[in-house]
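In what follows, a single structure is set out as structure tokens and then discussed.
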Amino acid sequence: MADEPIQPPPGDTQPAAQPALLALRDQIDALDRDLLALLNRRASIALQVGEIKKKEGSVVFRPEREAQVIDGLKAGNPGPLKNDNIAPIWREIMSACRALETPTRVAYLGPAGTFSEEAALGYFGSSIVRVPCASIDEVFRNTSAGVADFGVVPVENSTEGMVARSLDIFLTTPLFIIGETSLFVRHNLLRKDNSLDAIEAVCAHPQALAQCHEWLSLHLPQAERRPVASNAEGARQAGQDARLAGIASVRAANEYGLHVVAPAIQDDAHNRTRFAIVTDPHRHPAPKASGHDCTSLVVSVNNRPGAMYDILAPLKKHGVSMSRLESRPARSGQWEYYFFIDLQGHPDESRVDQAMKELREACAFFKVLGTYPVDVH
Ligand SMILES: O=C(O)C(=O)C[C@]1(C(=O)O)C=C[C@@H](O)C=C1
């Protein structure tokens, strides 16, 4: 039989590129070369800024400046690039420029693949030195001890409310908040086998187990819900034992070689977690006003009639808006509470400064947790 040339199966061939397409690609290549040249010019200017900062002995990371850069670009964006894409692109550019000035070491609840890691990368960009920690306490400890320059800790979830451990540590930590970031949290059921059969236990962080409560009750009513230190730790354990499943991100599935057996199992489709960026005030000054700032406080008032009014009155008097008010028992056994308050504005604004002074006088306990640019998306 004569040798027939082997024909590729239909659909397996690339159609010959159209001349018009090739010409457009040539334009993209030329623009990419221009972009690279511009980015390198930007990087060498950042290096010069770094030299000046070194001489002055000042810090490299300036969250208020980065927020202003992104806000300014979004305000003047002619499109068609969407404004939502501006922040992630420029965060990466500034992350790379910052890394030329000095390494940024960031502590977060690890191991690799946690939402905290995703938050850290989203906020600082990927040119950082990662310091994964075993617990939220360790994030605070490593940042205080100078093992990391910054820590990223979860503070609030849109389904489950406050992250109690972080807030409790905020009462006493010497660290303060210099930034915030929030993340859509999509939980996925991960497992070695691609099936829901014979799962004995689901291992995840208690918050994730709580956020998937309804789904677990419906689909895996027999399975034990086993709390572990982080979702990535649960995924790691699931990677070693087919009887276990984890609840974690797709990044964690890739990291530990697991199947996404059921995607998006969180009870609330809009599940978001908010993270605070903390640092040591001896090594990093408070960010200056950026124009869109938030100031976080924790206060307590003696248990008396009108105590809540005394907290709110100075804010009303000076026209300061409050974007968050959370209470947490003071554990005194006296029905006393700490109030976590977010004010809109920066203490450099006199109305905010005045309101804070009067609020301080009305409170038995008053601590400024930090002042920082609001999250820019
Ligand atoms: O403007 C500065 O202070 C810089 O160091 C430059 C730059 C940037 O790349 O734009 C980098 C790091 C800072 O956090 C802020 C901005």
Side-chain angles (χ1 to χ4, degrees), residues 32 34-78 81 83-108 117-131 139 143 146-153 175-183 275-296 346-348 370-377:
D32 280 344
D34 291 349
L35 275 176
L36 184 61
L38 284 171
L39 287 172
N40 274 309
R41 270 174 60 194
R42 190 188 194 285
S44 39
I45 291 173
L47 271 170
Q48 293 173 42
V49 174
E51 286 304 318
I52 294 175
K53 287 178 181 167
K54 209 178 275 169
K55 278 199 199 111
E56 283 177 349
S58 64
V59 293
V60 167
F61 180 51
R62 301 292 170 91
E64 71 283 9
R65 169 69 186 152
E66 296 198 4
Q68 281 165 347
V69 168
I70 291 169
D71 275 344
L73 289 166
K74 281 166 73 170
N77 175 26
L81 260 192
N83 260 6
D84 286 353
N85 296 120
I86 301 288
I89 293 173
W90 260 269
R91 280 222 182 86
E92 272 305 320
I93 292 173
M94 290 191 280
S95 180
C97 289
R98 215 190 303 124
L100 291 173
E101 297 183 43
T102 193
T104 306
R105 299 164 304 163
V106 184
Y108 55 85
E117 184 182 68
E118 204 168 316
L121 294 172
Y123 183 80
F124 287 101
S126 58
S127 301
I128 55 168
V129 179
R130 300 179 201 197
V131 184
V139 174
T143 312
V147 175
D149 305 300
F150 302 98
V152 177
V153 288
L175 301 183
F176 72 9
I177 304 175
I178 53 130
E180 64 166 357
T181 185
S182 69
L183 206 67
F275 296 82
I277 317 301
V278 293
T279 193
D280 181 344
H282 298 300
R283 283 183 278 123
H284 209 287
K288 297 198 175 73
S290 72
H292 292 109
D293 302 283
C294 176
T295 300
S296 295
H346 191 284
D348 281 357
T371 184
Y372 47 91
V374 295
D375 192 12
V376 275
H377 299 288

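Read the numbers this way: they start at 1 and go in the same order the structure lists the ligands and their atoms. For clarity, every value in this text was computed on a predicted model and none was experimentally measured.
For Lys53 (side chain) and Val60 (main-chain N/O), a donor-acceptor pair under 3.5 Å exists by modelled atom type. Between the Glu180 side chain and the Asp375 main chain, a donor and an acceptor come within less than 3.5 Å of each other.
For ligand 1, the protein residues within 4.0 angstrom (heavy atoms only) are Arg42, Val49, Lys53, Val60, Phe61, Arg62, Arg65, Glu66, Met94, Cys97, Arg98, Glu101.
Side chain to side chain, Tyr372 and Thr295 fail the donor-acceptor criterion of an N or O pair below 3.5 Å.
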Cut-off 3.5 Å, no hydrogens considered: what does the side-chain donor-acceptor table look like for residues 118-131, sequence neighbours left out?
from: Ser126; atom 1: OG; to: Glu92; atom 2: OE1; distance (Å): 2.8
from: Ser126; atom 1: OG; to: Glu92; atom 2: OE2; distance (Å): 3.2
from: Arg130; atom 1: NH1; to: Glu117; atom 2: OE2; distance (Å): 3.4

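The shortest distance between side-chain heavy atoms of Val59 and Pro285 falls below 4.5 Å.
The six-membered or imidazole ring of Phe176 lies away from that of His284, with a centre-to-centre distance of 6.0 Å or more.
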